[in-house]
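Please read the structure below before turning to the comments.
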Amino acid sequence: MTTPQTTNLANALAKAFDPVAIESHWYPVWEAAGYFNAGAVADKPAFCIQLPPPNVTGTLHMGHAFNQTIMDAMTRHRRMCGDNTLWLPGTDHAGIATQIVVERNLEAQKISKHDLGRDKFVEEIWKWKQFSGDTITQQMRRLGASTDWSREYFTMDPNLNEAVTEVFVRLFEDGLIYRGKRLVNWDPKLKTALSDLEVVSEEEDGHLWHIQYPFADGAIDGVVGLTVATTRPETMLGDVAIMVHPEDARYTNFLGKHVKLPLTDRVIPIIADDYVDPAFGTGCVKVTPAHDFNDYAVGQRHKLEQINVLTLDAAIAATMPEAYRGLDRFVARKKIVADLDALQLLIKTEKHKLKVPRGDRTGTVLEPLLTDQWFMAVDKPAPANHPHQPGQSIAKKALEVVASNEIKFVPEHWVNTYNHWMNNIQDWCISRQLWWGHQIPAWYDELGNCFVGRDEAEATAKARAAGSLGVLRRDADVLDTWFSSALVPFSSLGWPQKVDSDLMRRYLPSQVMVTGSEIIFFWVARMIMMTTYFTGKIPFETVYIHATVRDAEGKKMSKSEGNVIDPVDLIDGIEIEPLLVKRTSGLRRPETAPKVAERTKKEFPAGIPAFGSDALRFTMASYASLGVNVNFDFKRCEGYRNFCNKLWNATRFVLMNCQVTNDETGELSTLDVGLNAADAVYLSPLDNALISNLQQLEMAVNRAFTEFRLDTVAAEIYQFVWIEYCDWYLEFAKVQLAQSRAVLESATATPAERDHATAAARGTRRTLLRVLEVCLRLAHPLIPFITEELWQKVAPLAGKEGASICIQPFPQAQPEKLNADAEAFVAELKLSIDAVRNLRGEMGVSPAEKVPLYVDSQSATVMAQMPYLCALAKVSTAHHVAALPDVNAPVAVTKSANWMLDIKVDIAAETERLNKEIVKLDAEIASVQLKLSNASFVDRAPPAVVAAEQQRLADRIAKVVQLRAQMAKLS
RNA sequence: GGGUGCUUAGCUCAGCUGGUAGAGCGUUGCCCUUACAAGGCAAAUGUCGGGGGUUCGAGCCCCUCAGCACCCACCA
């Protein structure tokens with residue numbers, strides 16, 4: 001017989017959960033042990049997730065924390081389920097974005113990139129990349145990300161660089177990459193082209209200027225000229241025509257005539273094109289093919305000249321009239337308007353709202369500009385001998401793999417977004433006039449002939465073969481950063497060197513791509529296009545689109561707006577002062593700093609407390625429903641930090657009850673927890689009910705994982721651990737252990753009684769331990785650190801072995817352990833306890849006070865309930881009577897019995913309480929009666945539903961009868 | 001101008017194939033009960049955006065209106 005000497009646990013677990021020590025301890029252990037490295041066992045299913053590589057522009061934000069928590073939970077889940085997991089990490093060079101950051105840093109030191117020159121400047125960016133990349137990977141470790149660091153990549157690593165070159169050359173050779181002078185979105189500040197996707201248009205206040213263009217040969221029919229309306233008058237210097245709608249009766253007379261372009265000496269024709277909307281403005285539109293995308297198309301249709309007005313930095317070009325040369329576009333605009341006014345050609349100026357295109361990174365107003373750029377032809381058929389999609393265009397194929405359900409979107413409606421974009425896709429401008437990125441593998445001879453090759457030698461050979469003998473000069477431009485990102489699904493696995501490697505076979509396609517909706521076009525679509533074209537495989541099976549993280553007010557989090565939260569600050573906590581410094585630096589509009597500070601002080605008056613990584617992750621998971629937005633409220637972290645503490649203390653309780661410390665030696669020894677198969681174990685209905693519930697939890701959690709519902713995973717675990725396990729079962733367990741102890745300490749107990757008490761204590765301890773141990777494994781994907789720490793303590797006692805919880809099997813339900821009878825017993829017991837507790841509450845009994853109780857039943861069920869009920873509802877003594885005493889105390893009616901506290905009653909309060917309850921019941925009875933008296937309900941509703949209603953009616957009527965009787969006694 | 005999503009308790013959000021409205025936080029009492037005050041027990045709060053329809057029955061399906069958010073688009 002083992003009798004506890006003491007339950008001193010000072011050397012086992014601290015009284016409160018302290019995340020800092022745990023987290024810093026476990027991550028390095030996991031990493032060193034290689035638990036996260038890609039599995040090498042061929043016969044296990046593969047599970048791969050490609051991390052959307054964070055930009056090396058600084059640090060991770062809440063969006064990353066959200067995104068990564070989801071991926072980590074999924075990866076840890078599948079790893080525990082026995083899959084070969086590969087969560088592949090990397091970082092993205094993020095061309096423009098990173099170059100801008102480093103440029104700004106240098107500007108702060110009064111250095112311009114031109115002072116340094118290209119090579120030195122790129123060196124500076126590499127230094128920054130090192131710093132930012134290290135910060136990011138460190139943050140990921142703090143978040144507990146179980147990525148395979150041994151395969152970490154950077155999009156400008158040599159092997160990925162090689163993939164980029166290979167892809168470029170092949171697409172060029174297949175005729176799907178071309179170079180040409182086209183109208184592109186031009187950022188005059190950065191002096192680079194941008195793709196359509198990098199343009200953000202917002203409505204701004206502007207003007208619509210009405211300008212008269214006089215007829216070249218004098219008035220016609222008394223009309224001196226035509227009036228056009230424009231929002232960008234400076235571009236008129238490049239006008240090559242005026243167009244009207246062909247059926248616009250006002251102007252048909254003038255078709256084919258000419259006008260004199262004001263401020264120049266040019267004469268331009270009046271043409272007809274049905275692009276013109278006669279109802280807008282004057283119905284006359286100036287045509288400027290070199291500076292407007294519509295006009296460009298009109299110009300093509302009518303074979304018009306393209307006259308460029310602007311330089312690369314958006315000043316008026318040297319080819320323009322002298323008066324305007326060299327003027328900035330906006331200065332020139334003012335001058336031109338003034339000059340037209342002076343010439344009395346400015347008819348009127350209207351206020352006008354217009355969409356102004358700006359660069360998404362710089363906010364600069366963009367100009368459509370004619371420049372030489374490289375494009376990818378997405379709509380052009382692939383060569384007839386292409387191995388994977390002969391004769392089929394890249395966009396077509398990308399649509400096909402989604403239409404065929406090879407690639408699924410979750411939530412599904414994002415397919416529409418994808419299809420819409422893909423059906424209207426334009427050729428992709430892939431060249432950028434930047435210094436940071438993959439340099440385009442194209443070389444030119446002195447005549448401008450272009451040779452594309454994998455390296456200079458190959459290009460030279462092609463040049464020589466074509467008869468070009470001079471020196472070659474490499475194209476200075478780099479590729480759009482998304483060009484390399486698009487290759488990640490295969491370039492990160494070793495392509496092109498390893499085309500048929502184990503890695504490629506196993507981890508391409510990956511199982512799920514986890515990302516926000518904002519990069520469906522930028523990245524998801526392009527990965528699909530590139531991966532299918534070059535590997536014949538889809539890049540991933542499922543695209544899981546998660547919400548965008550916003551601040552508590554629903555505003556998009558942005559460093560330049562000063563409302564970002566660094567996930568590490570939620571983990572470690574931060575004082576208000578440093579938080580203010582963080583938030584007020586680097587603002588887009590520095591003058592907003594006081595406001596930002598004010599808002600920050602209001603939201604975080606005392607800074608941010610340290611919640612720990614697990615609490616942050618649990619919060620993120622609980623936010624991961626399939627919605628569009630997440631308005632992040634840090635207070636939820638507090639709730640989940642408390643949950644971690646709950647789990648911690650539940651473990652403390654379990655250990656206290658399963659281990660003893662010898663007072664003299666200080667040695668810890670384990671009590672009998674039923675590990676020895678030969679020992680009899682008695683499981684009470686309460687033990688069995690908990691175990692039964694646990695099976696349901698296991699089913700629910702596994703199902704939720706497969707449905708990508710991490711919010712459900714979190715909610716299920718939270719509910720089970722806190723409510724079922726801690727609030728109910730732990731209290732029941734105390735009763736059971738106390739009962740056994742009483743028997744074992746009794747001098748009069750028979751041997752049979754002692755045996756049963758031993759078996760029961762064994763069963764309780766075993767249930768406590770095993771259920772806890774399972775909960776730890778269930779929760780591990782969400783809260784890896786605390787579960788590891790606790791599992792190390794709990795698992796050995798529960799008869800489990802293993803170096804780490806990371807690689808333990810994920811709990812799966814055992815249907816044979818479902819136990820409806822036990823669950824029903826506990827459900828009924830809970831109702832009884834609730835009823836008695838409710839009586840106490842109603843009668844204002846102090847929670848500390850124990851009170852006597854009457855119950856009008858001695859049924860087996862009630863007798864079995866009593867020990868638990870007395871403990872949980874603080875009953876001093878229970879009197880079992882045939883009928884409750886005929887006094888005016890309140891009665892609680894439950895399924896099991898009628899209950900009454902033996903204390904003095906406040907008659908007024910009790911009358912009120914009864915009245916309230918009777919009214920409620922009457923209303924319910926009336927509504928059920930109405931339903932049941934409806935013939936069509938009884939006839940047409942399923943019999944089970946009708947029966948349930950009838951039962952409900954009977955119950956309520958019985959109850960109300962009881963209450964009425966009680967009421968009668970009061971008066 | 002098209003398209004998508006959203007509108008449920010004071011706040012943030014769950015509600016599966018239609019069958020008696022839920023959670024967390026917050027609020028209000030009372031308790032430092034030997035796992036946990038980062039806690040326990042109890043309590044209050046909803047014409048599920050408005051209107052119409054289908055159905056025995058609608059938060060859920062259909063129509064319509066309103067508001068919010070986002071995405072796409074070439075109106076000078």
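Counting to the nearest Å, the P atom of B/rC71 and the CD1 atom of A/Ile520 are 12 Å from each other. When the C1' atom of B/rA35 is taken as reference, atom CG of A/Leu647 falls 12 Å away, rounded to whole Å. Rounded to a whole Å, the CG atom of A/Asp955 is 15 Å from the P atom of B/rU20. Atom C1' of nucleotide B/rA35 and atom CG of A/Leu790 are separated by 12 Å, given to the nearest angstrom. Atom OH of A/Tyr418 and atom C1' of B/rU4 are 18 Å apart (whole Å).
Listed in residue order, the members of residues 930-938 of chain A having a heavy atom less than 4.0 Å from RNA chain B are A/Asn934, A/Ser936, A/Phe937.
The ring pair (Phe, Tyr, Trp, His ring centres under 6.0 Å) search around A/Phe720 returns none, not counting sequence neighbours. Residues meeting the ring pair (Phe, Tyr, Trp, His ring centres under 6.0 Å) test with A/Trp209, sequence neighbours left out: A/His207. When the side chain to side chain donor-acceptor pair (under 3.5 Å) test is applied to A/Lys15, no partner is found at least two apart in sequence or on another chain. For A/Trp728, the ring pair (Phe, Tyr, Trp, His ring centres under 6.0 Å) partners are A/Phe732, not counting sequence neighbours. Every residue meeting the side chain to side chain donor-acceptor pair (under 3.5 Å) condition with A/Glu724, not counting sequence neighbours, appears here in chain and number order: A/Lys830.
Taking a pair as Watson-Crick or G-U wobble with both distances under 3.5 Å, the runs of three or more consecutive pairs in RNA chain B are B:1-7 with B:66-72, B:10-13 with B:22-25, B:27-31 with B:39-43, B:49-53 with B:61-65.
A salt bridge between A/Lys355 and A/Glu204 is absent, with no side-chain N of the basic residue lying under 4.0 Å from a carboxylate O of the acidic one. Salt bridge A/Lys793/A/Glu789: present, at least one basic N to carboxylate O contact under 4.0 Å. A/Lys353 and A/Asp205 are joined by a salt bridge, as a carboxylate oxygen and a charged side-chain nitrogen come within less than 4.0 angstrom of each other.
Within 6.0 Å of the CD atom in A/Glu202, the count of heavy atoms belonging to other residues, nucleotides or ligands does not exceed 12.
Atom CG of residue A/Asn423 and atom CG of residue A/Leu399 lie 5.0 Å apart, to the nearest 0.5 angstrom. In this structure, CZ in A/Arg358 is found 14.0 Å from CG in A/Asn185, a value given to the nearest 0.5 Å.
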Please list, one pair per line, the donor and acceptor atoms closer than 3.5 Å that link side chains of residues 628-646 of chain A to other protein atoms, with sequence neighbours excluded.
{"from": "A/Asn629", "atom 1": "OD1", "to": "A/Arg550", "atom 2": "NE", "distance (Å)": "2.6"}
{"from": "A/Asp633", "atom 1": "OD1", "to": "A/Lys635", "atom 2": "N", "distance (Å)": "3.1"}
{"from": "A/Arg636", "atom 1": "NH2", "to": "A/Ser622", "atom 2": "OG", "distance (Å)": "3.1"}
{"from": "A/Arg636", "atom 1": "NH2", "to": "A/Tyr640", "atom 2": "OH", "distance (Å)": "3.4"}
{"from": "A/Tyr640", "atom 1": "OH", "to": "A/Ser622", "atom 2": "OG", "distance (Å)": "3.4"}
{"from": "A/Asn645", "atom 1": "OD1", "to": "A/Phe17", "atom 2": "N", "distance (Å)": "3.1"}
{"from": "A/Asn645", "atom 1": "OD1", "to": "A/Asn649", "atom 2": "ND2", "distance (Å)": "3.3"}

Could you go through residues 229-245 of chain A and list every donor-acceptor pair under 3.5 Å that involves a side-chain atom there, pairing it with any protein atom two or more places apart or in another chain?
{"from": "A/Thr230", "atom 1": "OG1", "to": "A/Arg232", "atom 2": "N", "distance (Å)": "3.0"}
{"from": "A/Arg232", "atom 1": "NH1", "to": "A/Glu367", "atom 2": "OE1", "distance (Å)": "3.1"}
{"from": "A/Arg232", "atom 1": "NH2", "to": "A/His291", "atom 2": "O", "distance (Å)": "2.4"}
{"from": "A/Glu234", "atom 1": "OE1", "to": "A/Arg333", "atom 2": "NE", "distance (Å)": "2.8"}
{"from": "A/Glu234", "atom 1": "OE2", "to": "A/Arg333", "atom 2": "NH2", "distance (Å)": "2.9"}
{"from": "A/Thr235", "atom 1": "OG1", "to": "A/Arg232", "atom 2": "O", "distance (Å)": "2.8"}
{"from": "A/Thr235", "atom 1": "OG1", "to": "A/Lys286", "atom 2": "NZ", "distance (Å)": "2.7"}
{"from": "A/Asp239", "atom 1": "OD1", "to": "A/Lys286", "atom 2": "NZ", "distance (Å)": "3.0"}
{"from": "A/Asp239", "atom 1": "OD1", "to": "A/Thr288", "atom 2": "OG1", "distance (Å)": "2.7"}
{"from": "A/Asp239", "atom 1": "OD2", "to": "A/Tyr213", "atom 2": "OH", "distance (Å)": "2.6"}
{"from": "A/His245", "atom 1": "ND1", "to": "A/Glu247", "atom 2": "N", "distance (Å)": "3.1"}

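If you take atom P in B/rU55 and the same atom in B/rU45, they sit 35 Å apart, rounded to whole Å. Comparing the C1' positions of B/rC25 and B/rA66 gives an interatomic distance of 30 Å, to the nearest angstrom. Comparing the P positions of B/rG59 and B/rU54 gives a spacing of 16 Å, expressed to the nearest Å. Between the P atoms of B/rC41 and B/rG52, the separation comes to 44 Å (whole Å). Comparing the same atom, C1', in B/rU8 and in B/rG50 gives a spacing of 15 Å after rounding to whole Å. Taking atom P on both B/rA69 and B/rG57, the two are 38 Å apart, rounded to the nearest angstrom. B/rA58 and B/rG49 are spaced 15 Å apart, taking the P atom of each and rounding to whole Å.
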**OP:** Quick one, give me the B/S/- string for nucleotides 36-47 of chain B, reading 5' to 3', where B means a protein heavy atom under 4.0 Å from the base and S means that only happens at the primed atoms, P, OP1 or OP2.
**Re:** BSBSBSSS----
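Side chains of A/Asn294 and A/Tyr275: a donor-acceptor N/O pair is present below 3.5 angstrom, by distance only. Between the side chains of A/Tyr868 and A/Glu731, no donor-acceptor pair of N or O atoms lies under 3.5 Å. Between the side chains of A/Ser195 and A/Trp428, no donor N or O sits under 3.5 Å from an acceptor N or O.
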I'd like a table of atom pairs between the protein and nucleotides 72-76 of chain B - only N or O on both sides, under 3.5 Å - with the distance next to each one.
{"from": "B/rA73", "atom 1": "N6", "to": "A/Lys355", "atom 2": "NZ", "distance (Å)": "2.3"}
{"from": "B/rC74", "atom 1": "O4'", "to": "A/Asn294", "atom 2": "OD1", "distance (Å)": "3.2"}
{"from": "B/rC74", "atom 1": "O2'", "to": "A/Asn294", "atom 2": "ND2", "distance (Å)": "2.7"}
{"from": "B/rC74", "atom 1": "N1", "to": "A/Asn294", "atom 2": "OD1", "distance (Å)": "3.0"}
{"from": "B/rC74", "atom 1": "O2", "to": "A/Asn294", "atom 2": "OD1", "distance (Å)": "3.1"}
{"from": "B/rC75", "atom 1": "O2", "to": "A/Asp277", "atom 2": "OD2", "distance (Å)": "3.4"}
{"from": "B/rC75", "atom 1": "N3", "to": "A/Asp277", "atom 2": "OD2", "distance (Å)": "3.2"}
{"from": "B/rA76", "atom 1": "O2'", "to": "A/Ala229", "atom 2": "O", "distance (Å)": "2.7"}
{"from": "B/rA76", "atom 1": "N6", "to": "A/Asp277", "atom 2": "O", "distance (Å)": "2.5"}
{"from": "B/rA76", "atom 1": "N6", "to": "A/Phe280", "atom 2": "O", "distance (Å)": "2.6"}
{"from": "B/rA76", "atom 1": "N1", "to": "A/Asp277", "atom 2": "N", "distance (Å)": "3.2"}

Under 3.5 Å, which N/O atoms of the protein pair with N/O atoms of nucleotides 9-17 of chain B?
{"from": "B/rA14", "atom 1": "OP1", "to": "A/Ser625", "atom 2": "OG", "distance (Å)": "2.9"}
{"from": "B/rA14", "atom 1": "O3'", "to": "A/Arg709", "atom 2": "NH2", "distance (Å)": "3.1"}
{"from": "B/rG15", "atom 1": "OP1", "to": "A/Arg709", "atom 2": "NH1", "distance (Å)": "2.6"}
{"from": "B/rG15", "atom 1": "OP1", "to": "A/Arg709", "atom 2": "NH2", "distance (Å)": "2.8"}

